[in-house]
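Worksheet: one structure, shown below.
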Amino acid sequence: MSICMMIRRFMRHHSSIVSARTSVKDLFNYREKRQALVYGWIRSVRKHKKVTFLDINDGSSATNLQVVLPTEKFSTNFTYGASIGIEGELVPRIGKTPEVEFLGENLIHHTECDSSSYPFASEWNYPNEFVRQYPHLRPRQRTVASMLRVRSKIEMLIHEFFRSKDFTHVHTPAITSSDCEGAGELFAVTPNSVSSDNSRNDNEQFFGSSANLTVSGQLHLEACAMGLGHVYTLSPAFRAEKSRPKTHLCEFHMLEVELAFTKCLEDLKSILEASVKHVISQTLKLCADDLSVFYEGDGSQSHYDTVKKCAVEPFLCIEYSEAVDIINSNLKLIKTGAMKWGDDLNDEHERFLTTYHNDSPIFVQNFPSLIKPFYALSNDDGETSASFDLLVPKCGEMAGGTVREHRYDVLHGKLEGLGLTEQYKWYCDLRRFGGVPHGGFGLGFDRLVKFVLGINNIRDAVPFPRAPKFCML
Ligand code: 4AD
Ligand code: MG
């Protein structure tokens, strides 16, 4: 008998053995009995005299698979956090959720997890601050895994939306010689063999000029919009910001969108609103299992309703001047006190404005020119700029945008006043050589995830948070 025939005969006799792994998520799609091989990490162990129950999870689903083992047959000491691979039979469980369980037959993989030194003893209720101390073990935590799956889905939905509208995705650079926001919150980039002293002359500097990590891809995106029309990027941005730890990170992701051939804030607001609505409504639909991890406790329902409302109801819009009036007429409810026309909204003002408007997302538009960057188009009143911020309940500012100053002379004049004409010569060229009216916005991707999941601290909405005095791994 040939070897091939022997293998075929062996396979016929052992047809119940399955060699390919099936994910837990895929197993939940079956309702009839079937042989399978499943891998996962143990999330709980309940050992009885006759049977042992293991809840296992392989990262494909927020819901665990229950594995049932005859206690007598398996002498292994199963503990929380260990990994196993097991062959067996998937069987229906009538009237239970999930509707299947797994009868384990052969243990083919087991790597222990030493419970005397593993920092987690069960999957429930560790304070986020504690979990953050173990960034390498954090993705195994139930809420963190759900957050990461939702983050991944939200990123996919953003691409889906902008591709469907024929925007071109551009990789804007992480290292740049420009300071887009002009706010001076830059991280310098130098090889570690060279001092980071930016006062060195150009020949001594690695890039031949000072370089920093980007605070925003906007200026590069504008260059691309002047050749491609509508463009966007979903890239990391870096800011050396020391304050506001719950909403600010030193490394965050930003969706930035730039539209050519527009002079009008309405175009920018409507594409932003449509994209946020698409992302939220689809996330609620496609990630229900993961969302339930965040919205299972008492008291979480009201934020869930707020998020749901955001997917359907129109966003409101007020002028900056109206915002100042609202704040100043409600000083009893505002700890930080009155504001003058010309002041920027602080975090408390932003949150108050959404509460005041019935927990709706709200655009505030036409800010004083002096509190918006040099690139914002000046309005005809000479005092305000064609700008907006999008505020969302409990989170505050989620996005900001402007129509860009497309008039060469006006832009050049502003840069002259700031002593920046040399540095931004290339940026003025975009207006000099066939420039067109255009505008765009940036949306904090991590703040969107934070909002959708009702997360309190932005550090719990990212896989590896970077913040002052916090850069683990
Ligand atoms: O309002 P910002 O600073 O706007 C810009 O950077 C523009 N150049 C964008 C553009 O028009 N292309 O930042 C945009 C958004 C903010 O509304 C906020 O949601 C988020 O980025 N953001 C941060 N998110 C986390 N951590 C930080 N340190 C952030 N700084 C801004
Ligand atoms: Mg802003």
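Counting starts at 1 for both ligands and their atoms, in listed order.
Of all N/O/S atoms in Glu397, OE2 sits nearest the Mg ion (ligand 2).
Of all atoms in ligand 1, listed by their number and element, those nearer than 4.0 Å to a heavy atom of His248 are 26 (N), 27 (C), 28 (N). Atoms of ligand 1 lying under 4.0 Å from any heavy atom of Phe441, numbered from 1 in the order shown and given with element: 10 (C), 11 (O), 12 (N). Every atom of ligand 1 is numbered from 1 in the order shown, and the set under 4.0 Å from a heavy atom of Gly444 is 15 (C), 19 (O), 20 (C), 21 (O). Atoms of ligand 1 lying under 4.0 Å from at least one heavy atom of Gly400, given by number and element, are 11 (O), 17 (O).
Only the side chain of Phe252 comes within 4.0 Å of ligand 1, counting heavy atoms alone; its backbone N, CA, C and O stay farther away. With a 4.0 Å heavy-atom cut-off, ligand 1 is reached by the side chain of Tyr375 but not by its N, CA, C or O. For Thr247, every heavy-atom contact with ligand 1 shorter than 4.0 Å involves the backbone, none the side chain. Residue-level proximity to ligand 1 for Arg404 is carried by the side chain, the only part with a heavy atom below 4.0 angstrom. If you look at Met398 next to ligand 1, the close heavy atoms, those under 4.0 Å, all belong to the backbone. Contacts between Ser216 and ligand 1, counted as non-hydrogen atom pairs separated by less than 4.0 Å, involve the side chain only. Under 4.0 angstrom from ligand 1, the non-hydrogen atoms of Arg239 all belong to its side chain.
The shortest contact between atom 26 (N) of ligand 1 and any protein heavy atom is with Leu249 N, 3.0 Å. The protein heavy-atom contact nearest to atom 28 (N) of ligand 1 is Glu241 OE1, 2.6 Å. At the shortest separation from atom 4 (O) of ligand 1 among protein heavy atoms lies Glu181 OE1, 3.9 Å. Atom 1 (O) of ligand 1 has Glu397 OE2, 3.0 Å as its closest protein atom, hydrogens excluded (heavy atom only).
Side-chain N/O atoms of Ser235 and Glu256 include no donor and acceptor closer than 3.5 Å.
Judged by distance alone, with hydrogens and angles left aside, the side-chain atoms of Glu273 form a donor-acceptor pair with the main-chain N or O of Phe315 at under 3.5 Å. The backbone N or O of Lys450 sits nowhere less than 3.5 Å from a side-chain atom of Asp446 that would complete a donor-acceptor pair. Side-chain atoms of His159 never come within 3.5 Å of backbone atoms of Met156 as a donor-acceptor pair (strictly under, hydrogens ignored).
Tyr320 and Trp341 have perpendicular rings, their planes meeting at more than 60° on a 0 to 90° scale where under 30° would count as parallel.
Note on Asp289 versus Lys25: no salt bridge recorded, every NZ/NE/NH1/NH2 to OD/OE distance being 4.0 Å or above.
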